[in-house]
Amino acid sequence: MYGVVSALAYSIGYVMRKEGLAEIPDPFFGTMIGGLVGILIFLIISLLKKKFQQSIVPTFTHFQPWLFAAGMATSLGQILYFSALMFSDVSRVAIITSTDVVFTLILSAFILKKP
């Protein structure tokens, strides 16, 4: 049942993003909304869980180059994702973005391999 509900929510997300781009055709705006929702959810969860509260302080008090680079790469990926949705069919974009797991595994094998 979890798999079916997850797949349904995933597909609804694609369609809603495409509809949102029809209303406001700006990939940067879509990325900003996604980021703000993520921050809001994280802050709400941090009110309920002490572990989340403890992770916020070092994130904003110590510069972490890898975390910064990951944030920049993720933001660029989201901007390109919304751009792809703007100029292509949802079905094509969904198939291509579903390969991100494969690319993550391949990159992880090369970057994180132990000598």
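All residue numbers in this chain count up from 1 along the given sequence. These numbers come from the heavy atoms of this one structure, side chains and all, not from hydrogens, waters or symmetry mates.
Between the side chain of D89 and the main chain of S91, no donor-acceptor pair closer than 3.5 Å is present. Checking side-chain atoms of T99 against main-chain N and O of I96 turns up a donor-acceptor pair under 3.5 Å. Proximity of a side-chain donor or acceptor of S46 to a complementary backbone N or O of L43 within less than 3.5 Å is detected.
Across every non-hydrogen atom of D26 and L21, the tightest pair is N-CD2, 4.0 Å. Considering all non-hydrogen atoms of both residues, P27 and M86 come closest at CD-SD, 3.7 Å. Scanning both residues, K18 and S88, for their nearest heavy atoms gives NZ-O, 2.7 Å.
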Test side chain to side chain contact (heavy atoms under 4.5 Å, CB included) applied to M72 and L76, step by step: CA-CA 6 Å; M72 295 297 288; L76 179 62; over 6 Å; no
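The distance from the CD atom of Q64 to the OG1 atom of T61 is 8.0 Å, given to the nearest 0.5 Å. Rounding to the nearest 0.5 Å gives a distance of 13.5 Å between CZ of F29 and CD1 of I79. Put simply, CZ on R17 and CD1 on I33 are 13.0 Å apart, with the number rounded to the nearest 0.5 Å. Here L36 contributes atom CG and I41 contributes atom CD1; the two are 11.0 Å apart, rounded to the nearest 0.5 Å.
No more than 12 heavy atoms of other residues, nucleotides or ligands sit less than 6.0 Å from atom CZ of F103.
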For residues 5-15, which side-chain donor-acceptor pairs fall under 3.5 Å, sequence neighbours excluded?
from	atom 1	to	atom 2	distance (Å)
Y10	OH	Y14	OH	3.1
S11	OG	A7	O	3.2
S11	OG	L8	O	2.9
Y14	OH	T97	OG1	2.4

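A continuous path of hydrophobic side-chain contacts links V37 to F42 [ILVMFWY only; heavy atoms under 4.5 Å]. Criterion: ILVMFWY side-chain heavy atoms under 4.5 Å apart, direct or through other members. Under it, F110 and V102 are part of a common hydrophobic cluster. Follow the hydrophobic side-chain contacts under 4.5 Å out from F87 and you reach L85 in the same cluster.
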